[in-house]
Amino acid sequence: MFFVDHLVLDVEGDTKENYLLKSWFKPIFGHIQYWYEKRYGQTKVHPNRFLAGVLKHHGAFFLLHIPLTVAKPQGDGTCWVTFAKDVLPGEDPASWMTNGPSLEQMPPKQLAALRKEATNTATRLRGIRNHLMTADLPVVAVRAMANSVLRHLDKAAADLSAPGPEALSLSVWDLHMACEKVMKAYLNQQGIPYEQTHNLRDLVATSPKTHDWSAVKTVLGHFPSEQRVMKWRYQEGGVPSLNDLWRFYDVALEVCSIYAARMSRRFLLDNFSVQIRRPPWLESD
């Protein structure tokens with residue numbers, strides 16, 4: 001589009017009006033896409049869009065790759081794309097595990113429990129993503145803070161599922177930062193000043209009384225203090241147990257879910273679907 005807008009001066013026998021629908025745009029697109037793929041690689045042209053989550057199964061953490069959107073191609077050259085908040089019919093969240101146990105060999109009750117756990121994690125992460133994406137955050141710095149919440153949750157999931165005690169200890173720091181940043185983004189949106197602190201309990205106390213924060217206060221009772229989190233960040237004081245880490249992860253998802261959902265927004269994209277048509281320049285000859 002940049003090439004056509006700024007470098008194509010004239011089109012013989014045609015105009016540039018609605019050029020995305022014109023047959024002469026197809027070879028331009030093809031040449032530029034080929035150049036881009038050769039220069040930057042396929043992953044930059046067709047990135048996989050996932051949220052990272054974890055499951056705990058038989059004393060081990062397994063990484064989940066949760067699709068951000070759900071696409072359903074139609075027979076007429078269009079596709080329905082859904083900004084999923086829930087696990088939709090036809091999706092199997094247990095299949096999103098990477099390097100997980102064999103689902104075919106798993107007893108039915110274990111498989112049902114695994115799917116329930118995966119559904120819970122996927123639903124909360126998708127909800128956090130949708131609610132942060134649509135929140136009214138006009139200040140660039142606050143928007144950047146909110147956008148980084150999922151990055152911290154991604155990193156925590158990667159560390160929880162990685163081998164070695166060092167990664168497990170580091171995961172708690174990212175879980176803490178996800179909670180801290182979503183709280184501060186919410187307070188900024190509400191115009192409520194707060195002290196520059198890492199203390200999550202102080203930030204909850206600063207939150208407006210227009211909402212009931214008792215659920216947040218309750219779950220934070222099962223989350224470590226910022227002093228302990230800092231020690232684990234620097235590999236001091238041993239390693240948290242797997243049960244503790246799983247509890248910390250659950251707390252972080254709950255805190256982020258509550259705060260993200262309570263941000264004000266003009267639009268809500270929970271399970272919102274849009275029908276799009278395949279671009280004509282991608283149609284095969």
Side-chain angles (χ1 to χ4, degrees), residues 51-54 56 61 64 66 120-135 137 141-161 167-190 192-234 237 240-265:
L51 295 168
V54 287
K56 184 172 176 286
F61 289 112
L64 282 173
I66 304 164
N120 182 47
T121 297
T123 300
R124 290 198 286 181
L125 281 170
R126 281 177 166 178
I128 293 166
R129 186 255 182 171
N130 282 4
H131 292 155
L132 290 178
M133 180 176 63
T134 56
L137 299 170
V142 180
R143 167 60 62 186
M145 182 189 298
N147 288 342
S148 68
V149 169
L150 284 172
R151 295 298 302 155
H152 285 293
L153 293 176
D154 279 353
K155 289 170 62 181
D159 282 338
L160 285 169
S161 57
L168 293 175
S169 294
L170 287 173
S171 68
V172 190
W173 168 255
D174 281 301
L175 293 175
H176 181 101
M177 288 306 299
C179 294
E180 180 181 333
K181 287 186 176 181
V182 77
M183 289 177 173
K184 289 181 176 179
Y186 172 84
L187 292 172
N188 271 287
Q189 187 197 59
Q190 302 299 311
I192 298 173
Y194 55 86
E195 294 184 7
Q196 294 301 322
T197 178
H198 291 301
N199 190 311
L200 302 182
R201 292 151 185 85
D202 287 348
L203 291 172
V204 177
T206 308
S207 300
K209 301 303 184 287
T210 51
H211 289 293
D212 179 7
W213 301 101
S214 57
V216 176
K217 294 176 182 177
T218 298
V219 296
L220 283 180
H222 304 286
F223 200 78
S225 67
E226 69 276 16
Q227 292 86 0
R228 196 171 186 190
V229 171
M230 290 296 289
K231 284 189 175 183
W232 282 327
R233 184 188 183 193
Y234 292 102
S241 70
L242 293 183
N243 286 335
D244 283 341
L245 288 166
W246 181 241
R247 185 171 67 250
F248 301 160
Y249 183 70
D250 183 71
V251 169
L253 291 188
E254 187 68 10
V255 170
C256 290
S257 295
I258 292 173
Y259 271 87
R262 290 179 178 178
M263 291 182 183
S264 62
R265 57 186 49 81

message: Any donor-acceptor pair under 3.5 Å linking the side-chain atoms of D212 with those of S214?
response: yes
message: Pairing donors with acceptors under 3.5 angstrom, does anything connect the side chains of Y234 and S169?
response: no
task: Can you establish whether the number of heavy atoms outside K181 located under 6.0 Å from its atom NZ is more than 12?
output: yes
message: Between T123 (side chain only) and N120 (backbone N and O only), is there a donor and an acceptor less than 3.5 Å apart?
response: no
message: Please find the pair of heavy atoms, one from A252 and one from C179, that lie closest to each other, and give the distance.
response: CA-SG, 3.6 Å
message: Assess, by modelled atom type and distance only, whether the side chains of Y194 and N188 contain a donor and an acceptor separated by less than 3.5 Å.
response: yes
- prompt: Is the backbone of G221 close enough, under 3.5 Å, to the side chain of R201 for a donor and an acceptor to pair up by distance?
  reply: no
task: Determine the sole option in V251, L203, V204 for which the side chain to side chain contact (heavy atoms under 4.5 Å, CB included) test with V216 is passed.
output: V204
- request: For the pair W173 (side chain) and K231 (backbone), establish whether a donor and an acceptor sit closer than 3.5 Å, ignoring hydrogens and angles.
  value: no
field: Among L51, V54, D174, L175, the one residue meeting side chain to side chain contact (heavy atoms under 4.5 Å, CB included) with L153
entry: L175
- prompt: Considering only heavy atoms from C-beta outward, does the side chain of S171 approach that of Y249 to under 4.5 Å?
  reply: no
task: Answer yes or no: is there a donor N or O on one side and an acceptor on the other, between the side chain of Q190 and the main chain of P208, under 3.5 Å?
output: no
message: Taking H211's backbone N and O only, do any of them form a donor-acceptor pair with R262's side chain (distance below 3.5 Å, no angle check)?
response: no
- prompt: Does R265 reach the main-chain N or O of H131 with its side chain, forming a donor-acceptor pair under 3.5 Å?
  reply: yes
- prompt: Where does the angle between the aromatic ring planes of W213 and Y259 fall among parallel (under 30°), tilted (30 to 60°) and perpendicular (over 60°)?
  reply: parallel
query: Is a salt bridge present between D154 and R151, judged by a nitrogen-to-oxygen distance below 4.0 Å?
result: yes
message: Rounded at 0.5 Å granularity, tell me how far CE in M183 sits from CD1 in I192.
response: 13.0 Å
query: Stepwise, does the side-chain hydrogen bond (donor to acceptor under 3.5 Å, both in side chains) test hold for D244 with S241?
result: CA-CA 5 Å; D244 283 341; S241 70; 3.3 Å; yes
- line: Value for CE (M177) from CG (L200), rounded to nearest 0.5 Å, stands at 9.5 Å
- request: Apply the test side-chain contact (heavy atoms from CB on, under 4.5 Å) to residues I128 and V182: give CA-CA distance (whole Å), side-chain angles for both, the deciding distance (0.1 Å), then the verdict.
  value: CA-CA 10 Å; I128 293 166; V182 77; 6.0 Å; no
field: Donor-acceptor contact below 3.5 Å, side chain H198 vs main chain S225
entry: no
